[in-house]
A.B. asks: 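To start, I am sharing the structure in question, which I have written as structure tokens.
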Amino acid sequence: MRNVFIAPLAIFMLLIIIMLAKLIGANDKSSQMLVGQKLPQFNLEAAHDVAPGLNSSDFKGQHILLNIFGSWCSSCKIEHNFLMQLKKNNIIPIYGINWRDTPDKLGKYLAQNGNPYDKIGADHTGKVIIELAVTGAPESLLISPEGTILLRFAGPLSQDIWQDKFLPYIKGTL
Amino acid sequence: MYLVRLMQLIIFLTMVFSTHAKAITIENKLSDPALEIRAAEIFTGLRCMVCAGESIADSRAELAKELRTLVRDKVQQGYSNQQVLDYAANIYGDVILMKPKLQQENYLLWFGPGLMILLGLLFVSYKAKQT
């Protein structure tokens, strides 16, 4: 390579590296929204007869898993078995926000796959999920006994993710 | 043979023009056209957080639809364009703004390209003078 190109190329590469770093940093930031803050106030009617509705004041006294899902969401089906395991083994209460669904479809979904939720609030208009800075379904938030958002995870939960990210908070090692 | 070609042309044209088809999800546009126009402006200023590079104006993602509903709500409540953008940025972070804010950490982003072009021109003129 001719000497004359080395300096501009080096400067260019440096700028690319800086911009890439900023870009990756920005992606991380969006997954940290509201973490450390108190859960925003909301009140949602019951999405179906099988469980009561959900109010933000319900989050107290113990760690609770807030799970945003919909019967239309294929990734939600993937994590559903794991949620059932959590429920069966009494690991943590799971409260659900049912995003843009109908009682019919939700009823079928729960009848077919089981119901891991103690409470399910219906968000027909998407207002609450926006206030929670949710970016898609499924998304799960770990709420502290004081009602603070400790952790959020976008995507289907699994044993590995639970152990890696969520368990340390509950065991108190974080 | 001619018929096959004709079918191919029809299919091709259908594909080309269907890029403008909107998903058949029902969205309640604002009844006041002036407000709906403002809402549309604001759409182009907010990023669809789950689709690379798209604004919520064109995106069919569920989240984009919710964000459009939010924008319409706020516009109807009397928020200014900037207030709506600020509201969204408050929830999702500055990353949701299509146009990065002009603050210290973004100077490189705003001025970097111009700076590089300037440096490039200076470099080229320097080399030209040498020969």
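The sequence lines fix the lettering, A, B, ..., with proteins before strands; numbering per chain opens at 1. None of the values given here were measured: they were computed from a predicted structure.
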A.B. asks: Does A:I91 share a hydrophobic cluster with A:L65, counting links as ILVMFWY side-chain heavy atoms below 4.5 Å and allowing steps through other members?
C.D. replies: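 Yes, A:I91 connects to A:L65 through the hydrophobic network.
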
A.B. asks: Please look at A:I130 and chain B and tell me whether the side chain, the backbone, both or neither of the residue comes under 4.5 angstrom of a heavy atom of that chain.
C.D. replies: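 For A:I130, heavy atoms of backbone and side chain both lie under 4.5 Å from chain B.
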
A.B. asks: Using a strict threshold of under 4.0 Å (side-chain N to carboxylate O), is an ion pair present between A:R100 and B:E66?
C.D. replies: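 Yes.
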
A.B. asks: Can you tell me if B:Q83 has over 12 outside heavy atoms packed within less than 6.0 Å of its CD?
C.D. replies: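 Yes, the 6.0 Å shell around CD holds more than 12 heavy atoms from other groups.
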
A.B. asks: Please check: side-chain N/O of B:Y92 versus main-chain N/O of A:V134, any donor-acceptor pairing under 3.5 Å?
C.D. replies: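 Yes.
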
A.B. asks: Can you check side-chain contact (heavy atoms from CB on, under 4.5 Å) on B:T69 and A:K127, steps first, answer last?
C.D. replies: CA-CA 8 Å; B:T69 308; A:K127 284 211 176 105; 5.6 Å; no

A.B. asks: Is the number of heavy atoms from other residues, nucleotides or ligands within 6.0 Å of CZ (B:F111) greater than 12?
C.D. replies: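 Counting neighbours around CZ of B:F111, more than 12 heavy atoms of other residues, nucleotides or ligands fall under 6.0 Å, so yes.
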
A.B. asks: From A:W72 CH2 over to B:E62 CD, what is the distance, rounded to the nearest 0.5 angstrom?
C.D. replies: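 One finds 5.0 Å between CH2 of A:W72 and CD of B:E62.
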
A.B. asks: For B:E41, is the CD atom crowded, meaning more than 12 foreign heavy atoms sit under 6.0 Å from it?
C.D. replies: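 Above 12, so yes.
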
A.B. asks: State which residues pass side chain to side chain contact (heavy atoms under 4.5 Å, CB included) with A:E131; sequence neighbours excluded, sorted by chain then number.
C.D. replies: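 By the side chain to side chain contact (heavy atoms under 4.5 Å, CB included) rule, A:E131 matches B:Y87, B:I91.
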
A.B. asks: Using heavy-atom distances under 4.5 Å, tell me whether A:I129 contacts chain B through its side chain, its backbone, both, or neither.
C.D. replies: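 When you check distances to chain B, atoms from both the backbone and side chain of A:I129 fall under 4.5 Å.
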
A.B. asks: Measure B:D94 against the heavy atoms of chain A and call it side chain, backbone, both or neither at under 4.5 Å.
C.D. replies: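 When you check distances to chain A, no heavy atom of B:D94 falls under 4.5 Å.
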
A.B. asks: Can you sort out the partners of A:K77 under side chain to side chain contact (heavy atoms under 4.5 Å, CB included), two or more places apart, ordered by chain and number?
C.D. replies: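 Partners of A:K77 under the side chain to side chain contact (heavy atoms under 4.5 Å, CB included) test: A:Y109.
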
A.B. asks: For the interface with chain A, which of B:V50, B:L70, B:N90, B:L119 has the highest count of heavy-atom pairs at distances below 4.5 Å?
C.D. replies: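 Of the candidates given, the most pairs with chain A belong to B:V50.
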
A.B. asks: Determine whether A:I18 and A:L20 fall in the same hydrophobic cluster, where Ile, Leu, Val, Met, Phe, Trp and Tyr are linked whenever their side-chain heavy atoms lie under 4.5 Å apart.
C.D. replies: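 Same hydrophobic cluster.
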
A.B. asks: At a 4.5 Å cut-off on heavy atoms, which part of B:I96 comes close to chain A: side chain, backbone, both, or neither?
C.D. replies: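 Nothing of B:I96, per the 4.5 Å heavy-atom cut-off to chain A.
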
